A.B. asks: 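Below: one structure in structure tokens.
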Amino acid sequence: MDFDFSDLSNEDLFLQMQDDLYDGLREEIVAETNDALTRGFTPQQILDQGLVAGMEIVGVDFRDGILFVPEVLMAANAMKGGMEILRPLLTETGAEQIGKMVIGTVKGDIHDIGKNLVAMMMEGAGLEVINLGINVDAEQFLAAIREHKPDILGMSALLTTTMPYMKVVIDTLGEEGIRDDIYVMVGGAPVTENFARDVGADAYGRDAAVSVEIAKRHLIAKKQIKMPM
Ligand code: B1M
């Protein structure tokens, strides 16, 4: 199907994207994402003004019982269509690898859009990312840490019922004697700075961009500590 958005102003293009995301129209979202790129918008602008803005409206209507799981799944599928276009742009990096991260959505939770966005932007910042996917339990996190020896562990939770599981994982790291070997970052819509502190994480990532900055700061500090005097 051919789409022509040339009549739309930039502002209307983003409003159209938000509408189409709400309606779960993946093909349209893909075309609009491409169109926004040809207009010179950065992936971050397209995410913020089109995709994430659209998903926020979905979230409100989901909460209020106007939208239901099937519609939200379609919106998520449309969002993933846009993210696939942006992925190579977000992950491309000329820089050498600056560190390694293992990331996953915790047990009981299948939300992965935000976690995948964090993973992509970490890759773009030069980290090697091992993305464990969704519904990841403590044993799986532990096995991945043992296998890949990452600098950073990232955990995502979108539900108030699953966020306490982050503490289970962190406590397990403690019991296994490896808590101090890894920098633990947590994030997701219901997670807060205070919660992160309470569960014993090292950092709270409010969004993907902030998380990348925190990760980079940590890796730079870690390298400096390791440098011979
Ligand atoms: Co769900 N859902 N959902 N859902 N869903 C929420 C989270 C909810 C807030 C909606 C609402 O009521 N307003 C609500 C949770 C309420 C609560 O716990 N207080 C909710 C609910 C209730 C549910 C179900 C229980 C519904 C049901 O079945 N009755 C069910 C649970 C399933 C489960 O997990 N076991 C469910 C299911 C689903 C879908 C499958 C339909 C779908 C997920 C599809 C998918 O992910 N593949 C879905 C969606 C899409 C949403 C909303 C609408 C959107 C989430 C999203 O993708 N946002 C969401 C509403 C909301 O969050 N306001 C909602 C866009 C994304 C870019 O943002 O994920 O916040 P976010 O990620 C950000 C930051 O949080 C941060 O950076 C990201 C990028 O900037 N971040 C990290 C995230 N992870 C990080 C990790 C880090 C650092 C930063 O580590 C270092």
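Bear in mind that the values here come from a model prediction, so they are computed numbers and not experimental data. Remember, it's 1-based here, ligands and their atoms both numbered in the order they're listed. Along the sequence shown, the residues carry numbers beginning at 1.
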A.B. asks: Of the choices Asp64, Val191, Ile110, which has the non-hydrogen atom that lies closest to atom 33 (C) of ligand 1?
C.D. replies: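 Answer by nearest heavy atom: Ile110.
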
A.B. asks: Considering only heavy atoms from C-beta outward, does the side chain of Leu173 approach that of Leu142 to under 4.5 Å?
C.D. replies: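 Yes. Closest side-chain heavy atoms under 4.5 Å.
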
A.B. asks: Can you list the residues that meet the side chain to side chain donor-acceptor pair (under 3.5 Å) rule with Glu213, with sequence neighbours excluded?
C.D. replies: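 Glu213: no side chain to side chain donor-acceptor pair (under 3.5 Å) contacts found.
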
A.B. asks: With distance as the sole criterion, is a donor-acceptor pair present between the side chains of Tyr22 and Asp61 under 3.5 Å?
C.D. replies: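 Note: Tyr22 and Asp61 side chains meet the donor-acceptor criterion.
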
A.B. asks: Out of Met55, Met155, Met166, whose heavy atom is nearest to atom 56 (C) of ligand 1?
C.D. replies: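 Going through Met55, Met155, Met166 one by one, Met55 has the nearest heavy atom to atom 56 (C) of ligand 1.
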
A.B. asks: Considering only the protein, which heavy-atom contact is closest to atom 80 (O) of ligand 1, and what is its distance?
C.D. replies: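 Going by distance alone, atom 80 (O) of ligand 1 is nearest to Ala208 N, 3.1 Å.
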
A.B. asks: How far is atom 44 (C) of ligand 1 from the closest protein heavy atom, and which atom is that?
C.D. replies: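 Going by distance alone, atom 44 (C) of ligand 1 is nearest to Ala76 CB, 3.7 Å.
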
A.B. asks: Looking at atom 74 (C) of ligand 1, would you say a protein heavy atom lies below 4.0 Å from it?
C.D. replies: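 Protein heavy atoms within 4.0 Å of atom 74 (C) of ligand 1 - there is at least one.
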
A.B. asks: So, for Gln18 and Ala53, which heavy atoms are closest and what is the spacing to 0.1 Å?
C.D. replies: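 The answer is NE2-CB, 3.5 Å.
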
A.B. asks: Would you say the side chain of Asp112 lies within less than 4.5 Å of the side chain of Lys80, judging by non-hydrogen atoms?
C.D. replies: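 They are in side-chain contact.
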
A.B. asks: Could you check if a side-chain atom of Asp202 sits within less than 4.5 angstrom of a side-chain atom of Arg179, using non-hydrogen atoms only?
C.D. replies: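 Yes, their side chains come closer than 4.5 Å.
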
A.B. asks: Could you tell me the residue and atom name of the protein heavy atom closest to atom 84 (N) of ligand 1, and the distance to it rounded to 0.1 Å?
C.D. replies: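 Checking every protein heavy atom, the shortest distance to atom 84 (N) of ligand 1 gives Ser156 OG, 2.8 Å.
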
A.B. asks: Establish whether atom 16 (C) of ligand 1 and some protein heavy atom are separated by less than 4.0 angstrom.
C.D. replies: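 So atom 16 (C) of ligand 1 lacks protein heavy-atom neighbours under 4.0 Å.
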
A.B. asks: According to the interplanar angle, ranging from 0 to 90°, do the rings of Tyr183 and His218 count as parallel (below 30°), tilted (30 to 60°) or perpendicular (above 60°)?
C.D. replies: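 Plane angle under 30°, so parallel.
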
A.B. asks: So is there a nitrogen or oxygen of Val52 less than 3.5 Å from a nitrogen or oxygen in ligand 1?
C.D. replies: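 No, Val52 has no N/O under 3.5 Å of an N/O on ligand 1.
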
A.B. asks: May I ask you to check whether over 12 heavy atoms, not counting those of Arg39, lie within 6.0 Å of atom CZ?
C.D. replies: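 Counting neighbours around CZ of Arg39, more than 12 heavy atoms of other residues, nucleotides or ligands fall under 6.0 Å, so yes.
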
A.B. asks: Side chains of Lys115 and Asn131, heavy atoms from C-beta outward: is any pair under 4.5 Å?
C.D. replies: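 Yes - at least one pair of side-chain heavy atoms lies under 4.5 Å apart.
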
A.B. asks: Mind checking the CD1-CD spacing from Ile103 to Glu123? Nearest 0.5 Å is all I need.
C.D. replies: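 One gets 10.0 Å once the value is rounded to the nearest 0.5 Å.
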
A.B. asks: Considering Ala215, Ala209, Gly108, Ala189 one by one, which has a heavy atom nearer to atom 70 (O) of ligand 1 than any of the others?
C.D. replies: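 Among Ala215, Ala209, Gly108, Ala189, the closest heavy atom to atom 70 (O) of ligand 1 belongs to Ala189.
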
A.B. asks: What protein heavy atom lies closest to atom 85 (C) of ligand 1? Include the residue and the distance to one decimal.
C.D. replies: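 Heavy-atom neighbour on the protein nearest atom 85 (C) of ligand 1: Gly187 C, 3.5 Å.
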
A.B. asks: Hey, does Thr161 come in under 3.5 Å of ligand 1, counting only N/O atoms on both sides?
C.D. replies: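 No, there is no polar N/O contact under 3.5 Å.
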
A.B. asks: Considering only the protein, which heavy-atom contact is closest to atom 91 (C) of ligand 1, and what is its distance?
C.D. replies: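 Checking every protein heavy atom, the shortest distance to atom 91 (C) of ligand 1 gives Met185 CB, 3.6 Å.
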
A.B. asks: Show all protein N/O/S atoms under 2.8 Å from atom 1 (Co) of ligand 1, or state that there are none.
C.D. replies: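 Result, waters dropped: His111 NE2.
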
A.B. asks: What part of Ser211 sits under 4.0 Å from ligand 1 if we count only heavy atoms: the side chain, the backbone, both or neither?
C.D. replies: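 Ser211 to ligand 1: side-chain contact only, backbone stays beyond 4.0 Å.
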
A.B. asks: In the structure I gave you, are the side-chain heavy atoms of Ile152 and Leu127 within less than 4.5 Å of one another anywhere?
C.D. replies: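 Counting from C-beta outward, Ile152 and Leu127 do come under 4.5 Å.
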
A.B. asks: How does Arg206 reach ligand 1, by side chain, by backbone, by both or by neither, if only non-hydrogen atoms under 4.0 Å count?
C.D. replies: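 The backbone, only.
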
A.B. asks: Would you mind running through ligand 1 and noting each atom that sits below 4.0 Å from a heavy atom of Asp207?
C.D. replies: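 So the atoms of ligand 1 that pass are 76 (C), 77 (O), 80 (O).
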
A.B. asks: Taking 4.0 angstrom as the limit and counting only heavy atoms of Lys80, give me the atoms of ligand 1 inside it, by number and element.
C.D. replies: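 Contacts of ligand 1 toward Lys80, numbered from 1: 47 (N).
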
A.B. asks: To which of Gly188, Pro190, Gly114 does the heavy atom nearest atom 81 (N) of ligand 1 belong?
C.D. replies: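 Residue with the shortest heavy-atom distance to the ligand atom: Gly188.
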
A.B. asks: Does the protein place any heavy atom closer than 4.0 Å to atom 52 (C) of ligand 1?
C.D. replies: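 Answer no: nothing from the protein, no heavy atom, is under 4.0 Å.
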
A.B. asks: Less than 4.5 Å apart, side chain to side chain, heavy atoms only: is that true for Asp23 and Met74?
C.D. replies: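 Side chain of Asp23 against side chain of Met74, heavy atoms only: no contact under 4.5 Å found.
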
A.B. asks: To the nearest 0.5 Å, how far apart are CG in Asp171 and NZ in Lys167?
C.D. replies: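 Between Asp171 CG and Lys167 NZ, I get 3.5 Å after rounding to 0.5 Å.
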
A.B. asks: If you have a sec, work out which protein heavy atom is nearest atom 89 (C) of ligand 1 and how many Å separate them, to one decimal?
C.D. replies: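 Looking at atom 89 (C) of ligand 1, the protein heavy atom closest to it is Gly205 O, 3.2 Å.
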
A.B. asks: Assess whether side-chain contact (heavy atoms from CB on, under 4.5 Å) is satisfied between Ile46 and Met17, documenting all intermediate values.
C.D. replies: CA-CA 9 Å; Ile46 299 167; Met17 274 184 100; 3.9 Å; yes

A.B. asks: Would you say that Val106 contacts Phe141 through its side chain, given a criterion of any heavy-atom pair below 4.5 Å between the two side chains?
C.D. replies: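 Of all side-chain heavy-atom pairs linking Phe141 with Val106, at least one is under 4.5 Å.
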
A.B. asks: Can you tell if the side chain of Met122 reaches within under 4.5 Å of the side chain of Ser211, non-hydrogen atoms only?
C.D. replies: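 Counting from C-beta outward, Met122 and Ser211 do come under 4.5 Å.
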
A.B. asks: What is the nearest protein non-hydrogen atom to atom 57 (O) of ligand 1, stated with its residue, atom name and distance?
C.D. replies: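 Here the nearest protein heavy atom works out to Ile113 CB, 3.4 Å.
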
A.B. asks: Looking only at protein heavy atoms, which one is nearest to atom 18 (O) of ligand 1, and what is the separation?
C.D. replies: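 Answer for atom 18 (O) of ligand 1: Thr160 N, 2.9 Å.
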
A.B. asks: For ligand 1, is any non-hydrogen atom under 4.0 Å from Asp112's backbone (N, CA, C, O), its side chain (CB onward), both, or neither?
C.D. replies: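 The answer is both, backbone and side chain.
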
A.B. asks: Side chains of Thr192 and Asn194: do they bring a donor and an acceptor to under 3.5 Å?
C.D. replies: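 Distance-only check fails for Thr192 and Asn194.
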
